[in-house]
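Report on one structure; see the data block that follows.
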Amino acid sequence: MNMDFEKQYNPADYEDAINKEWEDSGFYNPDNLVLPADAPSHTIVLPPPNVTDKLHVGHAVMIAVEDLLTRYKRMNGFRALWVPGTDHAAIATQNVVEKRLFKETGKTRHDLGREKFLAEVNEFALGTQKTILNQIKKMGASLDWSRLAFTLDEQRGRAVKKMFIDMYRDGVIYRGERVINWCPRCQSTLADDEVEYKEQTAKLYTFKYSKDFPLAISTTRPETKLGDTAVAVNPSDERYKKYIGSTFEVNFVGVPLKIKIIADRGVEMSFGTGALGVTPAHSMVDWQMAQKNELPVVKVIDESAKIHPGFGEYSGLRALDAREKIVERLREAGLLEKEEDISNNLSQCYRCDTSVEPIPSKQWFVDVDKKLERLGGKSLKEISLEAATSGEIKFTPERFQSQYENWMNNLHDWCVSRQIWFGHRIPAYYKLKVKSEKLKITEEEIYVGEAAPEGEGWIQDEDTLDTWFSSGMWTFSTLGWPDTYKNGIKSGDLAKFHPTAVLETGSEILTLWVSRMILMSYYALGEKPFSNVYLHGMILDEKGKKMSKSKGNGIDPLDVIAKYGTDALRLSLLIGNTPGNNSRMSWEKIEAQRNFVNKLWNVSRYILGELKIKNEKLKIDEESLTGVEAWILNRCENLIAEVRKNLDDFAFSAAGEKLIDFIWNDLADWYLEASKFEESANKKAILIYVLRTILKLLHPFAPFVTEVIWHKFNDSMLMVEKYPSLCHPEASDKRAEGSILDSSRGAQNDKKNGFELAKNIITAIRNARAENKVEPARKIKAVIYAGDKVELVIQNEILIKSLKTGISDLKISAKGEKIDGAIYAAVGEIEIYLLGAVDTEKEKVRLEKEIANLEKFAAALNGKLSNADFVGKAPEKVVAIEKGKLAKAETELGKLKEQLQKI
RNA sequence: GGGCAAUUAGCUCAGUUGGUUAGAGCGUUACAUUGACAUUGUAAAGGUCACUGGUUCGAAUCCAGUAUUGCCCACCA
């Protein structure tokens, strides 16, 4: 053991070695922990970071929280498993590589071809993955690397295929049409986040389809109106109510249309004419209206943004040219009522700025409303919703439960196919089947399965699956599914570790990811994927702005680690950060935590280095505790209870703050200072005990520095020490009675108050000295021995009436401090000065006010409790609480009155 | 447009189900200092809890509205 303590803690000197030691120990893998057979499991799956880029500070908070939970549970004897992995992030990754390819070589993915391009993407993904894993390791994450997974690896590939095939055979997955965003130039579909919106001024044309049509409509895209099959109006619009439900056949600039008038709440009465021409094939909203109202879909624009055949003189024209021509015809016919400039958003391709065409296309969907036998006749939507409403899955913070339910309630079928190359290719195969040679009718045959079926001519679907399809299976695909699940029975890792305990992730992907995981776990296993959802907020820069690479305001976790150490980084992310709320990150915050880590280092340096206390099995003799010792042990016991409670409630920040407060204020500033004045039989035992306790308590927050210090006086590894559950373990029998310090709680509280008082006195003295306000004549030197009992009475001044040591007539007073109870003096020798007097008149007024208020309260409660209505309505529990309040109020009242009498 | 939040000290935030005089850290100011730690210590100053109403004996806390800010989703005919 190396007892050398540098004056300052330098994390860089220790972290790598400690990290290696942890990894080499094998304890990250719960299978290596020696635990009783019935030890409970605690599983967390790491939300797999996208392999698009290295980690940022947002990931760091995720790792800090999850590692905290995992270490806490591990130290509590749980089979703690934390599964690492990365996400292929299909679209995002492909975009990054495509952009780079284009920038470097001017080529598109189509120039390279599928195979070559995928090789490029894979190479890139592997590179980033390596960087990411190194970063995670650097943070001291206790992930079980033997279970490392990737959403696109072989095992996950089998899981995805199996899931798709099962769902297809159950009729949950089906193929249907939907309007998607199409870039006519790239000849490719665009995902929602690939569409960019640009404000522009557009011409809004108002016209009637024909003279005999009663309503005028407004549009910026007259050419699409060739495909209109309805006009929608707001159901409460008095102007058009009478038309709802009727159908009109019109001749629109030479093209015959059949228009039905439908009602839709989404139509704004004040926009344009309040009537909306519905073009199902070329507008997302219109498509949805068409689905609801069973309208026919007429395609007008093709994949090259030209007008389809069958539209007379317009066919073959580019959309923009067709628009001009149509407007011209309308003008000629006198149908054009208005032309005005409006500003709207133009949808553009993120890559080439070409305006996007919404066109219908064949896609794969997950039917969320299909009732399933394997789910007891419920649909995926119903069962996922129930998981939240029944409390099976709990959300922290709670408000996200309603957000989840809201979203689930509005859930539509989930489109799972994506027209990109990087991802899990859809296991569907098509073959053209000739139905009738004569009529030249062909039909597409579909086969869904592991591999192409026997026979010629089968072609696999070109598309890949939505990235959430594979990451939605993350809790069980990482635990060996489907191999570990046969005939409804779990085995291996799946049996041991699923459902997982907590899903910890960013609040922004609650709907995107969390809901999909719930859905898929219920489908595949019939059970929830996790019991708790903990959502952290975003980490913003010090001005409250999102950190982004382009703005250059990001804080790189690796920079922080290099400069101030991992512990400082982790603490600054955990403290001052409440669940679900965004939090600002600044170098000052990190610096403050670095200072704390150094403080802890020096506390240890003092105890172990200066006092040369060895790690002998020192026993605390409870009979001979001095006041200050009783106080620190009492504070320590409370600390353990509070920290445990906070951690169990996911209140990490509160737990951390309490730890820091105890270590810095109670231990370092008070107990260590006080202990310099007195020698006692218990001193060493208490110091070493308290040090051991705080190191254990703090380990999940700041694993490195605590382990380093631990190693200075222990051969064991702190990471697998037992998390403290009581102040001194030897006294567990006494604790059962409510206290480990004294047989009666009251006496203990007196001791506590006593030391608080002593603290006040010392403080007052120091302050007086500092301010030099004390007149020498009133300076009294007194000797108070530890354990001496001093009674105080509040008068004009506070007078110490009796003192065992024989010194009487000792006057002390603290400015306005309320002092009562007994003193257990903390120091051997103190100097006491008269500082001032308590303003009794003021105190009296305050007490009277308080008593009056309490009397009112008690009266109100009394009235309430005898009110039959109230009792009848309220559950018994509420009445009991109210009764408790009343009792408390009455006790309070008694106390206050007593105090008032004394004055 | 739909949904969800936030607004408390100069700054960053707590405030656990309504209850004494609203807390902490940073910053500021004053003072201390050689002996665990200047990455230190002791104190002080600093708040109409965004605003307006309501409920209540009592509101930072519950309700309604207003203002400002932010996030997610949908999308602009």
Side-chain angles (χ1 to χ4, degrees), chain A residues 5 7-9 192 197 199 202 204-205 217-221 224-225 232 266-268 271-273 275-279 283-286 342-347 397 399-400 402-403 406-407 410 507-512 537-538 540 542 544 546 564 575-578 580-586 588-589 591-611 645-646 649 651 653-654 657 660-661 668-669 672-673 676 762-772 816 846-847 849-850 852-861 863 885 888-889 892 896:
Chain A
F5 274 89
K7 237 178 164 176
Q8 273 119 31
Y9 171 61
D192 293 343
Y197 296 103
E199 189 135 318
L204 182 71
Y205 304 94
I217 57 158
S218 301
T219 183
T220 51
R221 300 196 60 195
T224 63
K225 301 290 110 182
V267 180
E268 246 180 81
F271 189 92
T273 58
L276 163 70
V278 181
T279 322
S283 152
M284 303 272 187
V285 252
D286 294 8
I342 58 155
S343 78
N344 69 351
N345 278 333
L346 178 69
S347 311
R399 68 182 136 93
F400 284 104
S402 60
Q403 208 165 311
N406 206 306
W407 192 81
N410 296 317
S507 50
E508 71 278 5
I509 52 173
L510 171 72
T511 48
L512 286 174
M538 246 191 315
L540 310 170
E542 52 200 316
K546 239 179 177 172
Y564 292 127
I575 288 165
N577 187 354
T578 43
N581 294 332
N582 297 344
S583 119
R584 300 186 189 195
M585 192 65 187
S586 64
E588 283 96 74
K589 239 186 203 176
E591 218 170 289
Q593 294 307 332
R594 185 273 314 261
N595 294 353
F596 165 70
V597 168
N598 194 57
K599 186 76 187 180
L600 174 69
W601 177 259
N602 272 291
V603 165
S604 316
R605 181 177 184 229
Y606 176 69
I607 295 174
L608 298 171
E610 291 292 314
L611 302 181
K645 173 151 198 326
N646 284 153
D649 294 343
S653 180
E657 271 172 44
I660 291 175
D661 182 59
D669 292 347
L672 287 188
E673 289 303 322
K676 286 176 185 172
I762 297 170
T763 300
I765 293 162
R766 290 189 184 197
N767 194 27
R769 254 197 209 145
E771 289 179 9
N772 233 350
R846 188 185 71 79
L847 276 173
K849 209 175 111 195
E850 229 174 87
N853 204 14
L854 257 177
E855 270 171 346
K856 266 199 239 164
F857 172 57
L861 263 185
K885 273 190 191 166
K888 201 180 147 200
E892 283 293 292
L896 287 175

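We use all heavy atoms of the structure for the numbers below, so side chains are in, but hydrogens, waters and symmetry mates are not. Residue numbering restarts at 1 for every chain, and letters A, B, ... go by the order of the sequence lines.
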Work out how far the P atom of B:U48 is from that of B:C11, and round it to whole angstrom. 13 Å
Check: A:Asn602 side chain, A:Asn598 main-chain N or O, donor-acceptor pair, under 3.5 Å: yes
Starting at the 5' end of RNA chain B, which residue's closest nucleotide do you reach first, A:Gln8 or A:Ser218? A:Gln8
Nearest to side-chain heavy atoms of A:Arg594, which nucleotide of B:A77, B:A36, B:U39: B:U39
Take atom CZ of A:Phe596 and atom P of B:G25, then tell me their distance rounded to the nearest Å. 13 Å
Which value, in whole Å, describes the distance between the P atoms of nucleotides B:G18 and B:C31? 47 Å
Would you mind reading off the distance between A:Leu672 atom CG and B:G41 atom C1', rounded to a whole angstrom? 13 Å
Shortest non-hydrogen contact from A:Gly580 to A:Phe400? CA-CE1, 3.9 Å
Here's a test of your reading of the structure: between A:Asn646 and A:Arg605, which maps to the more 5' nucleotide of RNA chain B? A:Asn646
Quick one: A:Glu657 CD to B:G15 C1', roughly how many Å, whole number? 11 Å
Roughly how far apart, to the nearest Å, are B:U40 and B:G47 at atom C1'? 29 Å
Need one value for A:Asn577: base, sugar-phosphate or nothing, where a base atom within 4.0 Å counts as base even if backbone is also close, heavy atoms only. nothing
Whether the side chain of A:Ser653 engages the backbone of A:Gly576 through a donor-acceptor N/O pair (distance < 3.5 Å, no angle test) should be reported. yes
At a cut-off of 3.5 Å, list every protein nitrogen or oxygen paired with a nitrogen or oxygen from nucleotides 10-12 of chain B, distance to 0.1 Å.
| from | atom 1 | to | atom 2 | distance (Å) |
| --- | --- | --- | --- | --- |
| B:U12 | OP1 | A:Arg584 | NH1 | 2.8 |
| B:U12 | O2' | A:Lys589 | NZ | 3.4 |

NA contact type, A:Ala275, heavy-atom cut-off 4.0 Å: base, sugar-phosphate, or nothing? nothing
Regarding the side chain of A:Thr220, the nearest nucleotide among B:A77, B:U42, B:A36 is B:A77
Where are the stems of RNA chain B, defined as at least 3 consecutive Watson-Crick or wobble G-U pairs with both distances under 3.5 Å? B:1-7 with B:67-73, B:10-13 with B:23-26, B:28-32 with B:40-44, B:50-54 with B:62-66
Flag, side chain of A:Ser283 to backbone of A:Asp286, donor-acceptor distance under 3.5 Å: yes
Same-atom distance (P) from B:A36 to B:C51, integer angstrom: 49 Å
Measure CG/A:Asn598 against C1'/B:U39 and give the value in whole Å, please. 5 Å
Answer whether the closest heavy-atom distance between the side chains of A:Asn577 and A:Met585 falls below 4.5 Å. no
Of the listed B:A5, B:C37, B:U39, the closest approach to the A:Asn581 side chain comes from B:A5
Any chance you could measure A:Tyr606, atom OH, to A:Leu672, atom CG, to the nearest 0.5 Å? 6.5 Å
Among all residues two or more places apart in sequence or in another chain, which pass the salt bridge (Lys or Arg N to Asp or Glu O under 4.0 Å) test with A:Asp649? A:Lys645
Is there a side-chain contact between A:Ser583 and A:Lys589 in this structure, where contact means two heavy atoms from C-beta onward sitting under 4.5 Å apart? yes
Using the C1' atom on both, measure B:G23 against B:C62 and round to a whole Å. 22 Å
In whole angstroms, how far is the P atom of B:U40 from the CH2 atom of A:Trp601? 17 Å
Would you kindly give the NZ-to-C1' distance between A:Lys7 and B:U40, to the nearest whole Å? 11 Å
When the P atoms of B:C4 and B:U66 are considered, how many whole Å apart are they? 15 Å
Here the distance between atom P of B:G25 and atom CD of A:Gln593, to the nearest Å, is 12 Å
Got a sec, which residues hit side-chain contact (heavy atoms from CB on, under 4.5 Å) with A:Asn406, two or more places apart in sequence or on another chain? A:Asn410
Separation of the P atoms in B:U52 and B:A74, to the nearest angstrom: 39 Å
Counting heavy atoms from C-beta on, name the nucleotide in B:C4, B:U39, B:A36 closest to the side chain of A:Asn595. B:U39
Could you list the residues that satisfy side chain to side chain donor-acceptor pair (under 3.5 Å) with A:Tyr564, not counting sequence neighbours? A:Glu591
Atom-pair distance (CD on A:Glu591; P on B:U39), nearest Å: 10 Å
Listed pairs, N/O of protein and of nucleotides 69-75 of chain B, under 3.5 Å:
| from | atom 1 | to | atom 2 | distance (Å) |
| --- | --- | --- | --- | --- |
| B:C72 | OP1 | A:Lys546 | NZ | 3.4 |

Over all heavy atoms of both residues, which pair between A:Ser218 and A:Thr273 is shortest? Give the atoms and the distance, please. OG-N, 3.6 Å
Heavy atoms from C-beta onward define the side chain here; which of B:A77, B:A5, B:U42 lies closest to that of A:Leu276? B:A77
Would you indicate whether the side-chain heavy atoms of A:Ile217 and A:Lys225 approach each other to under 4.5 Å? yes
I want to check something: taking the side chain as every heavy atom from C-beta on, are A:Gln593 and A:Ile660 in contact at a cut-off of under 4.5 Å? yes
Integer angstrom distance from the P of B:U68 to that of B:A14: 24 Å
Just checking A:Thr578: base, sugar-phosphate only, or nothing, at a heavy-atom cut-off of under 4.0 Å? sugar-phosphate
